[in-house]
Amino acid sequence: MSTHSARARRRATGGSNPRAAQRPRGRTAAARPGGPAEADARAGTGGAARQIRGTGMSTNLKLTVGLVAVFLAAVVGAVVVDRYDRPTVAAADLLVRPDSHRLSTAADGRVTVVEFLDFECAPCRAAYVGVEKLRAEYGDRITYVVRYFPLTQHPNAFHAAHAAEAAARQGRFEAMYKKLFDTQDAWGGRPPSQAAVLESYARELGLDPARFTADAAGAEVAARVRADVTDGDSAGVPSTPTFFVNGALFTGAPTYDGLKAAVDKALAP
Amino acid sequence: MSRAGRTRAGTGHPPDPMLGDRLIGGVLAVGGLLGALAAFLLTVERIALLKDPAHVPSCSLNPVLSCGPVLATGQAEVFGFANPLIGLATFPVVAATGAAVLARVRLPRWWWLALQTGTVCGLVFVHWLFFQSLYRIGALCLHCMVVWVAVVVLFAYTTLYNMQYRHLPAPRPVTGALLRVHSVVPTAWLLALAALIGIRFWSYWSTLL
């Protein structure tokens with residue numbers, strides 16, 4: 001026991017407390033239940049503080065371990081309950097609706113990649129880089145479908161999805177899709193509505209501004225975006241970005257390499 | 001426990017358990033080193049991202065655990081520079097304090113109060129980052145989570161130590177009760193954070209099973 005602790009303890013306990021003279025902790029005083037320390041305590045010979053501390057520690061340890069055990073049990077319970085009501089494979093018509101936006105269409109229809117995305121989500125922006133590389137490489141050998149899945153925690157995710165859908169109504173979905181991701185740093189992640197910024201993008205893309213603004217704020221476009229979200233929820237889309245390759249949920253890292261591996265596997269004879 | 005105390009002293013006040021120097025020194029040293037290591041790795045990844053925006057950091061494992069996008073957000077440089085730089089400067093001080101305690105150096109009260117101030121600021125900051133990561137950015141960063149854990153544990157033990165030595169005003173019974181369950185408090189705290197993470201990304205985790 002250092003002088004420091006002893007002195008501080010004396011201060012803490014009001015100066016002349018006899019307890020301060022006892023060393024609750026010595027180099028060799030690892031308290032063992034039932035050991036000499038405990039015997040000391042029972043006999044009241046002065047090892048009590050040491051023993052108390054020993055008991056205190058083990059109570060602490062028991063409580064800590066117990067808490068972790070309860071937590072793990074709760075997690076296991078939640079997982080078991082969850083497994084009962086979960087669709088395993090999403091139905092194909094749920095993932096690709098007739099009006100879903102296809103960035104490319106494979107003539108042979110062998111591989112279909114569906115991405116549920118949120119234009120304001122940073123991981124989607126990160127995945128976008130890999131997706132564009134993949135699309136450039138595979139072109140029309142794969143069908144690439146984009147579904148809206150704006151998340152409510154992003155202040156402008158719905159504005160952005162509405163902007164993309166309004167552009168789609170003028171035949172420029174892909175251009176707006178690229179524009180939104182390329183400029184995400186400029187409009188994403190800030191609370192006030194960025195609708196005006198998005199309108200400026202529409203003008204840059206040569207869209208009819210009046211029609212774009214009316215569509216983006218219109219109920220029809222909002223309903224179209226909501227329908228995608230509903231499909232995503234039904235398909236069990238957990239977060240964004242979520243990819244489905246031929247209907248199967250893609251669980252790897254959403255990088256160029258990860259997606260390429262999944263596509264190659266699906267393309268393999 | 002209290003029965004044993006009464007038997008011994010007959011005062012009705014059981015002797016309080018103590019947070020030993022080896023425990024607090026060890027916690028500060030290990031916590032400080034882990035935090036410093038995480039801050040270092042985050043800084044390295046941030047620099048790699050600056051060199052190549054398409055760089056996929058080693059800590060990007062899946063859509064939820066992806067530190068790249070998290071590092072690239074505005075929240076990752078609240079004060080105008082990369083957050084990990086703060087940890088890179090401060091965690092080694094905590095580790096050194098731990099080493100000093102282990103070496104039985106007697107540190108003055110002001111030192112402990114400074115450490116207390118630092119851990120309180122760290123705690124507030126880390127919880128703000130936790131909120132941003134979960135509910136604004138929507139992704140987690142593995143190294144950042146190491147920092148969250150380190151800060152919560154460092155705060156809990158520094159506070160308890162300062163209560164024990166009356167560096168902080170606290171009623172004796174409260175201090176005694178907390179000392180008896182010293183690791184339960186930070187554990188419960190961290191489990192609560194883990195539960196929030198589990199709930200927030202539940203649908204994603206469940207697809208992995």
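A, B, ... follow the sequence lines: proteins, then strands. Residue 1 opens every chain.
Thr64(A) and Thr187(B) share no side-chain donor-acceptor pair at under 3.5 Å.
The distance from the OG1 atom of Thr73(B) to the CZ atom of Arg125(A) is 13.5 Å, given to the nearest 0.5 Å. To the nearest 0.5 Å, the span separating CZ on Arg180(B) from CG on Asn60(A) amounts to 11.0 Å.
A donor-acceptor pair is defined here as one N or O able to donate and one able to accept, closer than 3.5 Å; such a pair exists between the side chain of His154(A) and the backbone of Arg136(B).
Other residues, nucleotides and ligands contribute only 12 or fewer heavy atoms inside 6.0 Å of the CH2 atom of Trp111(B).
Both the backbone and the side chain of Val68(A) come within contact range of chain B, with heavy atoms under 4.5 Å apart.
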